[in-house]
Amino acid sequence: GEDVEQSLFLSVREGDSSVINCTYTDSSSTYLYWYKQEPGAGLQLLTYIFSNMDMKQDQRLTVLLNKKDKHLSLRIADTQTGDSAIYFCAERGSNYQLIWGAGTKLIIKP
Amino acid sequence: KAGVTQTPRYLIKTRGQQVTLSCSPISGHRSVSWYQQTPGQGLQFLFEYFSETQRNKGNFPGRFSGRQFSNSRSEMNVSTLELGDSALYLCASSDNRGRPGANVLTFGAGSRLTVL
């Protein structure tokens, strides 16, 4: 069946770039999303990309999409302590259902 | 614009009891989805309601049910609670109008249920 996979943890130093990776299996995905969840809170949309795009940039965030390899990444430039959170990747398939990854916990080292 | 409001934020129940959680979507949003989040299983889709009709359903037992009212507010109910039902229950709304589009979900802060 359809699946979205992410690493569970990523540790980076404050000020460095963070790259969170995600792979998916549904080749008919229409939209792919990145959500952020801070402790004790719900999920917050960071950005999304349509499947016919290969890159989207929004301030410190850069999303790269490689459709051939079914690989999505989120780059956070100049990572700050406030970026500590769990980051979820999700895809919307052709049946409009969302498939979610398990989430990547981003840990910032001082 | 007010966000998605979920009540209660925290609650403690004992095994065998039942619980009702409430969700008020963003004004104008007609789609409401419910998710269960646990450390072990991650984010699991429960169901989605659109215009008072259940449009999609996840793989949960019949003890989990929901409904949506004419003002788009939604409730979910869990009967005969089990220890494994302890989780954060998240509600999300969207302005999904049934056409292809990004259909971005806006989440509430969640209701944290503890079953003892």
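Chain naming here is simple, since letters A, B, ... match the order of the sequence lines and numbering starts at 1 in each. These numbers come from a predicted model, not from an experiment.
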Could you look at [X] and say if it's the side chain, the backbone, both or neither that has a heavy atom under 4.5 Å from chain B?
X: A:Leu45; answer: side chain
X: A:Gln97; answer: side chain
X: A:Phe88; answer: side chain
X: A:Leu98; answer: side chain

Which answer fits [X], side chain, backbone, both or neither, if we ask what part of it has an atom under 4.5 Å from a heavy atom of chain A?
X: B:Gln37; result: side chain
X: B:Leu105; result: both
X: B:Arg9; result: side chain

Quiz item: Ring centroid separation for B:Tyr49 and B:Trp34, is it under 6.0 angstrom?
Solution: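 No: the rings miss the under 6.0 Å criterion.
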
Quiz item: Between B:Phe45 and B:Phe60, does the ring centre distance come in under 6.0 Å?
Solution: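 No, ring centres 6.0 Å or more apart.
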
Exercise. Check whether any side-chain N or O of B:Gln41 sits under 3.5 Å from a backbone N or O of B:Thr38 as a donor-acceptor pair, and report yes or no.
Key: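 No.
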
Self-check item: Distance-minimising heavy-atom pair for B:Pro8 and B:Leu21
Solution: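 Shortest heavy-atom contact: CD-CD2, 4.1 Å.
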
Quiz item: Has B:Arg55 got its NZ or CZ under 6.0 Å from the middle of the six-membered ring of B:Phe50, at an angle within 45 degrees of the ring axis?
Solution: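 Judged by the rule (NZ or CZ under 6.0 Å from the ring centre, within 45° of its axis), B:Arg55 counts as positioned above B:Phe50.
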
Exercise. Report the option among A:Gly42, A:Ala90, A:Gly103 that has the most heavy-atom pairs separated by less than 4.5 Å from atoms of chain B.
Key: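 Between A:Gly42, A:Ala90, A:Gly103, the count favours A:Gly42.
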
Quiz item: Is there a side-chain contact between B:Arg73 and B:Glu75, using heavy atoms and a 4.5 Å cut-off?
Solution: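 Yes, side chains in contact.
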
